[in-house]
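In listed order, ligands and their atoms are each counted from 1. By convention here, the first residue in the shown sequence is residue 1.
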Amino acid sequence: MAETVVKDKNESFRDSVATISKEGRRNFIIPKKPRGRLYNLRTWFSIFYLIIFFTLPFIKVNDEPLFMFNVLERKFIFFGMIFWPQDFFIFGIGMLAFIVFVILFTVVFGRVFCGWACPQTIFMEMVFRKIEYWIDGDSNKQRLLKGMPWNAEKIRKRVTKFVVFFLISFIIANFFLAYLISMDKLIGYIENPAAHVGTLISLLVFSSIFFFVYWWFREQACIVVCPYGRLQGVLLDKNSIVVAYDHKRGEPRGKLKKAEDHDCKCVDCKEEGACKSMNSKLEALTKQGDCIDCFACVRVCPTGIDIRNGTQLECVNCTACIDACDAIMDSIEKPKGLIRYASENSISNGVKLKINARIKAYSAVLLLLLSLLAFLIVSRTDLDARLMRTAGMTYTTLPDGRISNLYNLKLANKTHQDIDFSLMLEGLKGDISFVGSGSMTVRKEAYSNLQFLIILDPKQLKGWKTEIRMGMYEKGKKIKTITAKFIGPEVYN
Ligand code: SF4
Ligand code: SF4
């Protein structure tokens with residue numbers, strides 16, 4: 001956590017959470033509706049974000065979803081590429097790269113992600129909160145409504161809000177399920193709900209959880225639950241860009257006063273020096289910072305904090321306080337940006353963003369991980385083949401004197417098409433004799449198991465263990481080389 005920005009300030013605000021009372025009860029925050037340039041920008045960005053979120057499950061590549069995270073069946077699709085449990089290491093490296101990216105991004109840009117791209121913030125502030133303002137009105141009206149007895153107006157508004165909130169929660173739960181099992185499967189379930197009662201119950205449970213979060217839990221998800229929020233304390237430093245109050249410009253804060261409020265007859269007469277009785281007041285007036293202590297920044301804050309106290313864990317960088325303060329600065333004809341995106345160093349010392357050793361180290365690790373990830377993805381094959389001699393068996397001598405070994409070929413087709421293949425021994429002359437159906441087709445997105453004997457003339461064996469190589473061919477084109485050991489009797493060595 002960046003050091004507090006206001007010197008000599010009472011730090012007691014760090015001992016409590018604005019949303020929890022001394023008795024441990026919830027202080028329900030009713031923020032004023034934000035208005036301003038950044039809020040409008042966030043609204044447009046959220047519309048774009050939500051369009052993507054609700055459109056992606058409908059996009060298909062080769063009749064398969066573009067993205068799917070089917071944890072139950074252990075099947076993952078990214079950009080149309082299927083990843084199987086065999087690709088776990090690619091997944092692991094991808095996750096590592098993602099974590100390092102998040103760390104690096106946070107070190108430099110603070111919690112920009114929370115304010116602009118976190119689904120919790122987007123749904124809370126840009127969907128549910130907007131609906132709430134639309135149904136209940138701005139913060140003052142909401143407080144009035146809360147204090148009202150249960151009359152017709154209150155019941156109508158509460159029921160409307162309840163129905164709309166639950167409906168949207170249900171839609172969100174359905175789309176999350178579509179990301180898990182694919183939209184096609186979900187539509188199949190919707191068309192025949194009686195056959196999928198279990199799924200419907202799970203959906204209702206998840207919808208209720210979403211509803212609870214957006215109806216009541218709200219900012220507590222960011223303050224109490226989110227692990228990313230907890231990490232800020234170790235990730236942010238004085239050079240991180242955060243939503244920050246320019247204490248140098250703003251302090252000492254004080255109410256906006258007109259000249260006559262001070263009994264000051266010297267302000268405009270240019271004879272200040274002559275008026276001894278008013279000198280101290282004049283001094284105070286000229287030393288006052290730009291913050292007029294209007295609390296507009298606090299009233300709009302969805303987590304109930306006062307950003308003038310410095311960077312705090314509760315701040316989700318929603319920028320509402322920037323807009324609120326800019327509007328105040330406009331109205332008192334002072335430059336905007338008293339609260340803005342800035343680093344503690346840039347405010348205190350005028351230092352621009354420094355690429356320090358920590359950023360360099362994280363960047364180097366990230367580059368390394370991304371290179372490894374790119375290599376693994378490029379070198380990843382569509383067909384996984386593992387050839388092994390059948391466990392517990394050595395070799396068999398045939399009546400014609402040749403030697404046979406029994407093999408198991410395990411195959412995983414990671415593509416969206418069936419693969420027909422043939423096998424050919426490389427560098428050795430011998431026969432391949434299939435056991436069972438000997439099907440040479442691996443169905444799309446499926447596993448297959450093939451058993452066969454390899455029969456060799458013992459004169460070709462180089463020891464009791466000889467390495468054999470086999471080529472796998474699809475439409476006459478070699479797609480893979482597989483190797484295994486061939487066991488023969490000691491006497492031929
Ligand atoms: S909105 Fe600006 S002027 Fe008003 S209290 Fe906040 S920082 Fe000070
Ligand atoms: S302090 Fe400002 S940016 Fe942070 S959560 Fe409150 S309103 Fe949003």
Can you list the atoms of ligand 2 that are under 4.0 Å from a heavy atom of Thr303? 5 (S)
Looking just at side-chain N and O atoms, do Tyr39 and Glu125 make a donor-acceptor pair shorter than 3.5 Å? no
At less than 4.0 angstrom from any non-hydrogen atom of Cys321, what atoms of ligand 2 do you find? 1 (S), 2 (Fe), 3 (S), 7 (S)
I'd like to know if Asp138 and Arg35 make a salt bridge, using a cut-off of under 4.0 Å between side-chain N and carboxylate O. yes
Answer yes or no for Cys297: is there an N/O/S atom below the 2.8 Å cut-off from atom 2 (Fe) of ligand 1? no
Is any side-chain N of the basic residue among Glu132 and Lys33 closer than 4.0 Å to the acidic one's carboxylate O? no
Only heavy atoms of Thr319, strictly under 4.0 Å: list the atoms of ligand 2 that pass. 3 (S), 8 (Fe)
For ligand 2, which part of Ile322 has a heavy atom less than 4.0 Å away: the side chain, the backbone, both, or neither? neither
Can you tell me how far the CG atom of Asp382 sits from the NZ atom of Lys414, to the nearest 0.5 Å? 8.0 Å
State the atoms of ligand 1, each with its element, that fall below the 4.0 Å cut-off from a heavy-atom position in Met329. 3 (S)
Can you name the atoms of ligand 2, numbered from 1 with element, that are less than 4.0 Å from a heavy atom of Cys301? 1 (S), 5 (S), 6 (Fe), 7 (S)
Under 4.0 Å from one or more heavy atoms of Ile307, ligand 2 contributes atoms 1 (S)
Measuring to atom 2 (Fe) of ligand 2, does Cys318 have an N/O/S atom at a distance below 2.8 Å? no
Students should be able to answer this: which protein heavy-atom is nearest to atom 2 (Fe) of ligand 1, and at what distance? Cys325 SG, 2.4 Å
Atom 8 (Fe) of ligand 1 has as its nearest protein heavy atom Cys291 SG, 2.3 Å
Which bit of Asp293 is near ligand 1, meaning a heavy atom under 4.0 Å away: side chain, backbone, both or neither? backbone
Hey, does the Lys NZ or Arg CZ of Arg308 hover above the aromatic six-ring of Phe295, less than 6.0 Å from the centre and inside 45° of the axis? yes
Tell me whether ligand 2 is touched by Val300 - counting only heavy atoms on the residue side and a distance under 4.0 Å. no
